[in-house]
Number of protein chains: 2
Amino acid sequence: MNDLLRNLKISINESIYLKDPESSDLGKRIVEHGILLINELGFDNFTFKKLGEHIQSNESSIYRYFENKHKFLIYLTNWYWGWKEYQLAFATINIKDPKHKLNQAIEILTREVEEDQSFNHINEVALNKIVINEYSKSYLTKEVDDENKEGYFLIYKRLSNRLKEMIADVNEGYPYPSSLASTILAGSLHQHFLKDHFTSLTDCGAKTSPSQYFIHLTSNLLNS
Amino acid sequence: MNDLLRNLKISINESIYLKDPESSDLGKRIVEHGILLINELGFDNFTFKKLGEHIQSNESSIYRYFENKHKFLIYLTNWYWGWKEYQLAFATINIKDPKHKLNQAIEILTREVEEDQSFNHINEVALNKIVINEYSKSYLTKEVDDENKEGYFLIYKRLSNRLKEMIADVNEGYPYPSSLASTILAGSLHQHFLKDHFTSLTDCGAKTSPSQYFIHLTSNLLNS
DNA sequence: GCAAAATTAATAGTAATACTATCAATTTTG
DNA sequence: CAAAATTGATAGTATTACTATTAATTTTGC
């Protein structure tokens with residue numbers, strides 16, 4: 001992202017928060033330090049009380065922004081996928097060739113994340129680690145169907161669908177474009193996790209990236 | 001499985017439990033009803049207290065078998081993967097042709113689960129749902145590296161590695177056999193989840209199965 | 001610049017969770 | 001049949017995940 005986009009705001013479904021954290025200084029500190037603290041402790045060990053201590057504020061004040069830590073995770077991961085959606089749009093808009101476009105999309109969606117200067121209070125590297133380690137906990141719940149109806153996963157579904165369209169544009173005869181898109185998105189988070197914790201289960205590591213693996217896989221699948 | 005295997009026992013790393021639940025009637029009831037209750041409530045809402053009430057036993061008695069519910073989940077998922085490993089071994093042992101063997105392996109590992117009469121106190125269908133919904137929570141923790149060293153994920157890693165070997169036997173030039181194996185294992189759980197909760201993100205459903213998707217994907221990748 | 005409104009902080013309190021400890025009752029076994 | 005092991009019942013602790021109330025502080029609108 002560049003300076004032209006300084007005023008960009010990732011828009012997030014209002015039912016996910018009680019009060020928009022972007023609307024106040026405290027709200028931004030909750031998000032900023034929440035990301036750092038979840039990354040440090042893991043989501044399971046993270047509490048609003050601990051976050052309150054970290055930002056020298058009060059547990060009860062945080063509860064005025066988010067109902068509970070589950071919703072806070074939903075908020076953060078929505079932000080992440082919204083951010084990815086912007087990156088994807090900008091990086092692929094002028095590409096005409098469908099194959100090139102798809103490869104670029106996969107690259108954006110599966111690569112190692114770097115800091116984005118456009119969003120001051122968000123550490124995208126830490127947030128990416130949270131998404132790798134915790135995203136699936138946001139939907140692997142008994143409430144998933146209700147929350148899906150509420151639109152909590154809309155951005156992610158839209159993103160997966162964009163990828164699916166690009167897959168179909170390369171090979172309209174390929175019978176599983178939706179499954180391939182979701183496999184790339186969820187699978188790349190998984191490969192990133194494996195390279196950090198279960199090296200024997202992946203070929204990704206110092207020499208090979210998840211992006212290479214998925215670009216190779218997709219090209220071979222669609223161009224044969 | 002058949003009657004020849006009546007006395008089969010899935011062996012599980014001793015450091016996962018405090019007392020072998022297979023060694024007593026109470027232990028078996030903990031496992032049997034624990035599976036049903038986790039499937040019913042979801043792992044997050046499951047507690048040993050609730051399980052105690054269900055089996056008309058006491059919370060404190062359950063704690064003598066398992067340190068906590070996390071270890072209980074590790075136990076159950078280990079059992080599941082051990083069971084899959086047996087199925088895989090039996091179903092592929094006499095197949096000579098590497099392509100046929102690999103297809104058979106993918107079928108076994110990704111298909112819809114059916115009841116197995118060999119294991120009385122285990123409801124494999126419910127357990128499969130638990131694995132789909134909860135398995136990733138067992139390793140997406142801050143303790144994953146320590147627990148990996150303790151051997152908590154050995155069976156799963158061995159299974160993934162067997163699949164990797166079969167992939168390499170079909171095409172020794174394919175550069176990402178380990179990643180493909182882990183993608184098939186984790187990806188098929190994910191596709192099963194999607195078909196139940198996010199139908200727009202998958203092509204799997206009434207007419208198409210995750211098995212078909214992954215067999216098609218693998219064949220096309222390795223035979224081109 | 002000041003009063004009213006909104007926000008935040010501090011404190012207290014509740015119910016549930018995730019255990020541990022103790023001891024009694026029951027069952028198993030040698 | 002006595003000793004050992006297992007199980008059940010009860011109680012207790014620290015933490016979590018909140019809600020409620022009120023006071024202090026900050027913001028705003030005129």
Side-chain angles (χ1 to χ4, degrees), chain A residues 14-34 37-38 40-76 121 134 137-138 140-143 146-147, chain B residues 14-34 37-38 40-76 121 134 137-138 140-143 146-147:
Chain A
E14 288 187 17
S15 68
I16 292 170
Y17 49 75
L18 296 170
K19 181 181 153 91
D20 184 359
E22 298 273 349
S23 71
S24 74
D25 185 65
L26 178 62
K28 282 181 203 142
R29 283 199 300 139
I30 289 171
V31 170
E32 176 178 2
H33 290 89
L37 197 58
I38 291 175
E40 188 186 326
L41 303 177
F43 184 68
D44 299 340
N45 301 316
F46 167 85
T47 67
F48 281 175
K49 192 171 186 190
K50 289 174 186 170
L51 178 54
E53 284 157 16
H54 254 251
I55 59 178
Q56 282 162 169
S57 173
N58 202 277
E59 196 186 4
S60 62
S61 303
I62 301 169
Y63 274 107
R64 280 199 206 85
Y65 285 84
F66 298 99
E67 267 182 73
N68 51 51
K69 72 174 185 171
H70 171 69
K71 292 270 184 94
F72 186 46
L73 179 63
I74 299 269
Y75 177 87
L76 295 179
H121 64 296
E134 323 288 358
K137 295 175 192 168
S138 77
L140 294 175
T141 68
K142 280 284 167 185
E143 297 77 34
D146 289 339
E147 297 190 343
Chain B
E14 289 187 16
S15 66
I16 292 170
Y17 50 75
L18 296 170
K19 180 179 153 88
D20 184 359
E22 298 274 349
S23 71
S24 74
D25 185 66
L26 177 62
K28 281 180 204 145
R29 285 198 300 137
I30 289 171
V31 170
E32 177 178 2
H33 290 89
L37 197 57
I38 292 175
E40 188 186 326
L41 303 178
F43 184 68
D44 299 340
N45 301 317
F46 167 85
T47 69
F48 280 174
K49 191 169 186 194
K50 290 173 185 170
L51 178 56
E53 284 157 17
H54 255 249
I55 60 176
Q56 283 163 168
S57 174
N58 203 277
E59 196 186 3
S60 61
S61 301
I62 301 169
Y63 275 107
R64 282 198 202 87
Y65 285 84
F66 298 99
E67 268 182 72
N68 50 51
K69 72 173 185 171
H70 173 248
K71 291 269 183 94
F72 186 47
L73 179 62
I74 299 270
Y75 177 87
L76 295 179
H121 64 296
E134 323 288 359
K137 296 175 192 167
S138 78
L140 294 176
T141 68
K142 282 283 166 185
E143 297 77 35
D146 288 340
E147 296 190 344

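Below, chains carry the letters A, B, ... as their sequence lines are ordered, and counting in each starts from 1.
- Using a 4.0 Å heavy-atom distance criterion, B:Y63 is classed as a base contact.
- A:T47 comes within 4.0 angstrom of the backbone, heavy atoms only, and of no base.
- We find that CG of A:L51 is positioned 15 Å from C1' of D:dT16, with the value rounded to whole Å.
- One interatomic measurement links the two molecules: NZ of A:K49 to P of C:dT11, which rounds to 12 Å at whole-angstrom precision.
- In this entry the distance linking NZ of A:K71 with C1' of D:dC18 reads 14 Å, nearest Å.
- When the side-chain nitrogen and oxygen atoms of A:K69 are compared with OP1 and OP2 of D:dC18, none of them lie within a distance under 4.0 Å.
- A residue-by-residue look at A:S60 and B:F46 shows that A:S60 has its nearest nucleotide of DNA chain C further toward the 5' end.
- A side-chain N or O of A:H70 and one of A:E147 form a donor-acceptor pair less than 3.5 Å apart.
- Residue B:Y65 is classed as a sugar-phosphate contact, given heavy-atom separations below 4.0 Å to backbone atoms only.
- The aromatic rings of B:F72 and B:F46 lie parallel to each other, with less than 30° between the two planes, well short of the 60° mark.
- With respect to the salt-bridge test (charged N to carboxylate O, under 4.0 angstrom), the residues A:D44 and B:K137 do not qualify.
- Atom pair B:F48:CZ and C:dA16:C1' shows a separation of 16 Å (rounding to whole Å applied).
- Each of B:E59 and B:R29 was assigned the nucleotide of DNA chain D with the nearest heavy atom; the assignment lying further toward the 5' end belongs to B:R29.
- Between A:N58 atom CG and D:dT19 atom C1' there is a gap of 13 Å when expressed in whole angstrom units.
- Backbone-only contact: A:N68 has heavy atoms under 4.0 Å from sugar-phosphate atoms and none from a base.
- Rounding to whole angstrom units, CG of residue A:L18 and P of C:dA6 are separated by 17 Å.
- Nucleotide C:dG1 is matched to D:dC30 when pairs are restricted to Watson-Crick or G-U wobble geometry with both distances under 3.5 angstrom.
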